[in-house]
Amino acid sequence: MKIRNLVKKTLLITAAGAFAMALFTGCKKADNKVVDIKVISDKLLNEITYEDQLSEVDYDIVYNMDDIKVSKSIVYVGSGATAEEIAVIECESKEEAKKAFAALNERVEDQKESFKDYVPKELKKLDEAVVMQKGNSVILSVSNDSKKAIDIIEKAE
Amino acid sequence: MSLQFNNRRRRRKLKRKVIITIRVLLTVLVLGLIVYGSVNVYSYLNNKNKENVQEEDNIDELPTEPDTDKNPEDDTDKNPEDDTDKNPEDTNSNSNSSGNILDNNNNKDDEVLDNTGNTEQDKGNGESGTDTNKSENDKPENNETNNNEPNNNETENGQTSNSDSKDESYFDDAVFIGDSRTEGLKLYSGLKNATFYAEKGLDVATIFTHKIKINGSDMTIIDALHKKKFGKVYINLGINEMGWPYDSEFIKHYGKVIDAIKEAQPDAVIYLQSIIRISSEKDKNPPEYFKNKTIIRRNKLLKELAKEKDINYIDPNEVLTNDKGYLIEGASFDGVHLNKAYCEKWKKFLIDNIVK
């Protein structure tokens, strides 16, 4: 009996300890993930084929983010012939990133409205637009290859 | 007695068990905290290192930035020069851009071969004789181009002149009205101080009805002009009306747009910009109605309209077209929408043609 209890106890304690450690380490690490915006934007630009000529512009010309604290950004937009676009924006906090995430989704919706009568075929890209948040950063990719974009963003560190 | 004794033993045992469990849990907690702390310190140091590396990268990249801009600019410099170098005999065609388009369109056999700059120029050599036989209709557009040579101080209206001031602050109280091409100017010119009321697909009819988002509210551009006073108004429309069959309808609607803008902004200096031409590739491909010939014809009418309405007419085609009168190859991915390098050229043209 005694031995059985002791084994039970040890197992319970070990399990509890492992659980506590996982809770402390694993989750927090994901929350604090800092992504290199240059690496992501370069990969999105170079590893995906675009129809349009994308050029780098300032984020505040494109997005309505006046009330968002942005620390770094890299944005590429097309000439107007297509909806292709890349935005990697690092905010000062997670809360600010949430606001930026909403602003990027708003941009996608506005673009859908703009392109629906102008170049309707661009709606496919916009419907499959990738908008993701990673820690303090938000990423937008409008391209013909959303799967690749998701893969790049998910693997990014 | 023995029962009582047993109960005591059990209680003691239970107490011991509880104490041991608490001790173990505390140890695990402390261990967890230590691990958590060290992970945090590690990730903090790691991030700091990353930031330092990024900063260093940025410093390293600064001098290389102009290189990326150089490529398209080199093209602009090269295209017209290449043309002239390759066609030393074709002096007529070099001095007369729009005439060539019409000539090419009149000579259908030659037109088919004008796929690349080289073949166009080869054709040009053959055509130099036809260049001298330009139709009367071509002449005003040609004069227009010649009048706007950089050294000339007066444009066709005699109202604008090349400004010595290269100061972008002129656009502080300017509003740019237009379609997707003006949207491109907004994105690529870097003119953050100016206001842009532009929308893809906008034309001289929908400008009165189509609502766009301005300062968070949906309204037409004409309504927006009634809400804020501007010192200068730049208009660039006309490409989305290429499918309209009648020039007269286009001009009639454009006249109404100018009247509405004048009513909303009575004190503003108004610039009517010509319709920017399309590339030879775009000109040749469907849709059939997308032709530089139509643009040239309508620009002549716009120039007259500007005179009639007493506003300024400026022609960005002066810096955006090649010697054949087409939008320079390399200025646009689709032959219509300008890329960054050429939007910057367009902006420079606007600065150079500020009304004194």
Side-chain angles (χ1 to χ4, degrees), chain A residues 2 5-6 9-10 12-26 28-29 31-39 50-58 60-62 64 71-72 75-84 90 106 110-111 113-119 122 135 157, chain B residues 17 20-21 24-25 27-29 31-40 42-44 46-47 50-51 53-54 57-58 61 65 68-69 72 179-184 186-192 196 198-202 210 212-213 216 240 332-343:
Chain A
K2 268 186 183 177
N5 276 341
L6 202 74
K9 238 186 258 172
T10 320
L12 255 169
I13 289 164
T14 318
F19 178 74
M21 296 250 287
L23 203 79
F24 280 129
T25 56
K28 257 312 186 209
K29 199 177 168 189
D31 281 351
N32 282 347
K33 211 160 218 172
V34 173
V35 292
D36 188 329
I37 66 164
K38 185 147 174 37
V39 171
Y50 297 92
E51 292 172 58
D52 208 340
Q53 278 177 281
L54 299 190
S55 295
E56 194 170 351
V57 298
D58 291 344
D60 54 348
I61 296 177
V62 190
N64 184 17
S71 41
K72 285 180 211 162
V75 175
Y76 293 93
V77 292
S79 64
T82 72
E84 289 169 349
E90 189 183 307
E106 195 186 325
D110 288 347
Q111 286 287 82
E113 194 61 34
S114 283
F115 274 99
K116 81 174 179 203
D117 297 322
Y118 188 59
V119 189
E122 291 302 301
E157 279 179 29
Chain B
K17 272 182 193 172
I20 288 168
T21 316
V24 169
L25 275 175
T27 319
V28 168
L29 201 76
L31 269 172
L33 278 171
I34 290 166
V35 172
Y36 167 68
S38 54
V39 165
N40 264 359
Y42 171 76
S43 64
Y44 171 76
N46 210 17
N47 291 343
K50 264 189 187 175
E51 273 173 18
V53 170
Q54 271 180 13
D57 284 350
N58 289 339
E61 277 161 19
E65 264 177 25
T68 52
D69 292 332
D179 46 42
S180 54
R181 288 167 144 187
T182 302
E183 272 192 333
K186 177 194 173 185
L187 290 173
Y188 290 155
S189 69
L191 280 175
K192 286 187 185 176
F196 286 83
E199 176 74 350
K200 288 174 192 70
L202 198 76
H210 185 80
I212 64 168
K213 205 170 261 179
N240 295 312
S332 167
F333 130 81
D334 65 348
V336 176
H337 298 90
L338 302 184
N339 59 27
K340 192 175 184 179
Y342 283 83
C343 278

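Just so it is clear, the values below take in all heavy atoms, side chains as well, and ignore hydrogens, waters and symmetry mates. Protein chains get the first letters and strands the later ones, always in sequence-line order, with residue 1 at the start of each.
When all heavy atoms of Ser332(B) and Gln53(A) are compared, the pair lying nearest together is C-OE1, 3.8 Å. Scanning all heavy atoms of the two residues, the minimum distance from Ser180(B) to Tyr118(A) falls at OG-OH, 2.7 Å. Residues His337(B) and Ala81(A) approach most closely at ND1-CB, 3.6 Å, considering heavy atoms. Closest heavy-atom contact between Val77(A) and Tyr188(B): O-OH, 2.8 Å. Taking both residues in full, the closest heavy atoms of Ser55(A) and Lys340(B) are given as OG-CB, 3.6 Å, listed atom of the first, atom of the second, then distance.
In this structure, Lys192(B) contributes its side chain and Ile61(A) its backbone to no donor-acceptor pair below 3.5 Å.
Rounding to the nearest 0.5 Å places CG of Leu187(B) at 10.5 Å from CG of Asp58(A).
The shortest distance between side-chain heavy atoms of Lys200(B) and Glu113(A) does not fall below 4.5 Å.
With a 4.5 Å cut-off on non-hydrogen atoms, Asp60(A) touches chain B through its side chain but not through its backbone. The parts of Asp52(A) that come within reach of chain B are both its backbone and its side chain, each placing non-hydrogen atoms under 4.5 angstrom from that chain.
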